[in-house]
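Naming convention: chains lettered A, B, ... in sequence-line order (proteins, then strands); numbering from 1 in each chain. Any value given below was found using the heavy atoms of this structure, including those in side chains, with hydrogens, waters and symmetry copies removed.
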Amino acid sequence: MDTTKLLSLLRTSISSKSLLKDKLIHKKVVTLGLQNSIALCKNLINFYFSCHYYHYAKLIFKTLEDSLDLSLWNVLMAAYAKNYMFIEALEVFDRLVLHPFLKPDSYKYPSVLKACGGLGRVSYGQLIHTQLIRTGFVLDVVVASSLVGMFAKCKRFDYGIKVFDEMSERDVASWNTVISCYYQEGQAGKALELFGKMRDSGFEPNSVTLTTVISSCARLLDLERGKEIYEEFVKDGIAFDSYVGSALVDMYGKCGCLEMAREVFDRMPVKNVVAWNALIAGYSSKGDSKSCIELFRRMNEEGVKPTLITRSCTLMSCTRSAKLEHDEQDKSSFLECYDIRICDSW
DNA sequence: CGGGGGAGTG
């Protein structure tokens, strides 16, 4: 069996998440003496991460870390960053910095910047920023966007916007990053303004853009504009995914159109917890505790785990309900929700 | 091999 065949087997087992099968493949890799195949090992690392077998992933890396292949280090950092293991990602980066022979490339930076953002380590991010200017890697569009995102996550929006303004090359993702930067800062109007600029500059917005733009309309309670923009996107054939769906449910809910919110929600093929929460929050703001309780029960039945937001919205709607003192059914619903809150850890 | 998206209360 050759490397190509093994790789394709591995990809299939990654998508079907069958660990047993993969262990057999891994054994085969070792017995065939292909453990030095970098490409194969990158796939193995990603596979073990997808099964949360981080220890195995690290072992694979360890057997090859002396091979002077930077991409292997980058794969490991990216895998950690993607799984929110930011400390581990930074540890790999720090070790890489001390490496005597490996010369940096632009792929080394996005993951570590994501980790800095996730940990709020702005001073470390700034240190890297300085290096990026010195080495010229800041000219890479992905590296620069990562910087913008890192500064936004660290609440240093001014720095993020400055980096964006100085970018010599931009793409859809970098525009999305800066639009989201304004949104996160609480400047929804400015986010919409940048969206206009993005289109004027000739970039085609995608579903990521749509999510942020709809959320901005939601925050501004500008239902008309949101609808208008959404219809344009529909005409352009932009995908209606779970992010877009949740943003729409949120917008309709915030604007008090619960029928529309419910309609979008029902149309979502996969209802994630954010969509549930957005709908519950909508009913909660109307003081409709009955609908909140009903949804709270339904999501439990459907196996979607409530979050802190689910519970606070549901409970708030119950306490807001003026009938609570008199209506036995509401009272028991409240207690039910409260009991679950005590049993689960928050 | 890398970057960008959504929910609550006070």
Side-chain angles (χ1 to χ4, degrees), chain A residues 38-39 41-43 45-46 69-82 89 93 104-115 117 137 140-153 160 163-164 167 170-181 183-184 191 194-195 198 203 205-216 218-219 238-239 241-251 253-254 261 264-265 268 271-285 292 299 304 306-317 319-320 346:
Chain A
I38 301 275
C41 289
K42 285 185 203 167
N43 278 272
I45 288 175
N46 281 324
D69 186 300
L70 180 58
S71 73
L72 197 70
W73 292 70
N74 292 339
V75 163
L76 187 66
M77 275 193 292
Y80 277 132
K82 247 182 231 151
F93 182 81
D105 68 2
S106 64
Y107 285 84
K108 183 179 147 179
Y109 297 100
S111 306
V112 71
L113 289 169
K114 194 186 174 120
F137 286 125
D140 182 286
V141 64
V142 180
V143 170
S145 307
S146 306
L147 273 170
V148 178
M150 180 275 295
F151 281 126
K153 289 280 176 295
V163 172
F164 177 79
M167 282 174 77
R170 288 169 187 158
D171 61 12
V172 175
S174 50
W175 278 98
N176 289 342
T177 310
V178 77
I179 291 172
S180 159
C181 190
Y183 176 77
Q184 289 172 60
L194 264 287
F195 168 60
M198 169 187 186
F203 288 93
N206 58 20
S207 58
V208 178
T209 326
L210 181 58
T211 307
T212 321
V213 166
I214 293 293
S215 303
S216 301
R219 252 190 215 166
I238 304 288
D241 62 17
S242 65
Y243 282 88
V244 172
S246 318
L248 284 169
V249 171
D250 174 49
M251 178 179 77
K254 277 199 172 70
V264 175
F265 181 79
M268 290 177 70
K271 299 165 177 49
N272 55 32
V273 71
V274 180
W276 284 97
N277 286 352
L279 190 60
I280 290 175
Y283 282 115
S284 177
S285 69
C292 287
M299 80 184 279
V304 179
T307 65
L308 179 75
I309 296 173
T310 325
R311 295 181 202 289
S312 45
C313 284
T314 312
L315 285 167
M316 285 305 290
S317 77
T319 50
R320 241 184 246 131
W346 278 64

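- Atom CZ of Phe265(A) and atom P of dG6(B) are 19 Å apart (whole Å).
- Listed nucleotides dG2(B), dC1(B), dG6(B) differ in distance to Asp105(A); the shortest reach to its side chain belongs to dC1(B).
- Checking dG5(B), dG8(B), dG3(B) against every side-chain atom of Cys313(A), the shortest atom distance belongs to dG8(B).
- For the pair Lys271(A)/Ser242(A), no side-chain contact is recorded, criterion being any heavy-atom separation below 4.5 Å from C-beta on.
- Each of dA7(B), dG3(B), dG6(B) was ranked by its minimum atom distance to the side chain of Ser242(A); first place goes to dG6(B).
- Going from atom CG of Asn206(A) over to atom P of dG5(B) covers 12 Å, rounded to whole Å.
- Considering only side-chain N and O atoms, Lys114(A) lies under 4.0 angstrom from the phosphate OP1 or OP2 of dG3(B).
- Among the heavy atoms of the strands lying under 4.0 Å from Val244(A) is at least one base atom, whether or not backbone atoms are also near.
- Distance, Leu72(A) CG to dG2(B) P: 13 Å, rounded to whole Å.
- Checking dG2(B), dG6(B), dA7(B) against the side-chain heavy atoms of Ile309(A) singles out dA7(B) as nearest.
- If you check every strand for non-hydrogen atoms under 4.0 Å, Ser106(A) touches a base.
- For dG3(B), the OP1/OP2 oxygens have no side-chain nitrogen or oxygen of Thr177(A) closer than 4.0 Å.
- Closest approach to the Asn277(A) side chain among dG3(B), dA7(B), dG6(B) is made by dA7(B) (side chain taken as heavy atoms from C-beta onward).
- Taking 3.5 Å as the limit, the base of dG3(B) and the side chain of Ser146(A) contain no donor-acceptor pair of atoms between them.
- For the pair Met299(A) and Val273(A), the minimum side-chain heavy-atom distance is below 4.5 Å.
- Of the candidates dG6(B), dT9(B), dC1(B), dT9(B) carries the atom nearest the Met316(A) side chain, counting heavy atoms from C-beta on.
- Base engagement by Val141(A) is indicated by at least one non-hydrogen atom pair under 4.0 Å involving a base atom.
- With ring centers used as reference points, Trp276(A) lies under 6.0 Å from Phe265(A).
- Between Asn46(A) atom CG and dG2(B) atom P the separation is 8 Å, expressed in whole Å.
- No donor-acceptor contact under 3.5 angstrom links the side chains of Ser71(A) and Asn74(A), judged on distance only.
- Remark: C1' of dA7(B) and CG of Leu248(A) are 14 Å apart, rounded to the nearest angstrom.
- For Thr307(A), the side-chain hydrogen bond (donor to acceptor under 3.5 Å, both in side chains) partners two or more places apart in sequence, or in a different chain, are Asn277(A), Thr310(A).
- At the heavy-atom level, Ser145(A) lies under 4.0 Å from base atoms of the strands shown.
- Counting non-hydrogen atoms under 4.0 angstrom, Ser180(A) reaches the backbone sugars and phosphates but no base.
- Between dG3(B) and Lys82(A), no contact under 4.0 Å exists linking OP1 or OP2 to a side-chain N or O.
- You'll find that the side chain of Ser312(A) is closest to dG8(B), out of dC1(B), dG8(B), dG6(B).
- Residue Val249(A) is out of contact with every strand shown, counting any heavy-atom pair closer than 4.0 Å.
- Taking 4.0 angstrom as the limit, Lys153(A) places a side-chain polar atom (N or O) nearer than this to OP1 or OP2 of dG5(B).
- Within the nucleic acid shown, Tyr109(A) has no heavy atom closer than 4.0 Å to any nucleic acid atom.
- Side-chain atoms of Thr211(A) lie closest to dG5(B) of the nucleotides dG5(B), dG2(B), dG3(B).
- Within the 4.5 Å cutoff, the side chain of Ser145(A) has no heavy atoms near those of the Phe164(A) side chain.
- In this structure, Met251(A) atom CE and dG8(B) atom C1' are separated by 19 Å, rounded to whole Å.
- When distances run from any side-chain atom of Val208(A) to the nucleotides dG5(B), dA7(B), dG3(B), the shortest one goes to dG5(B).
- Per the geometry, NZ belonging to Lys254(A) stands 9 Å off C1' belonging to dG8(B), to the nearest Å.
- Every salt bridge (charged side-chain N to carboxylate O under 4.0 Å, His left out) that Lys254(A) has, sequence neighbours left out, goes to Asp250(A).
- Residue Asp241(A) places its side chain closer to dG5(B) than to any other of dG5(B), dG8(B), dG10(B).
- Side-chain nitrogen and oxygen atoms of Tyr80(A) include none within less than 4.0 Å of the OP1 or OP2 phosphate oxygen of dC1(B).
- A straight line from CH2 of Trp276(A) to C1' of dG8(B) spans 17 Å, rounded to a whole angstrom.
- Across all strands shown, Ala247(A) has no heavy atoms under 4.0 Å from either base or sugar-phosphate atoms.
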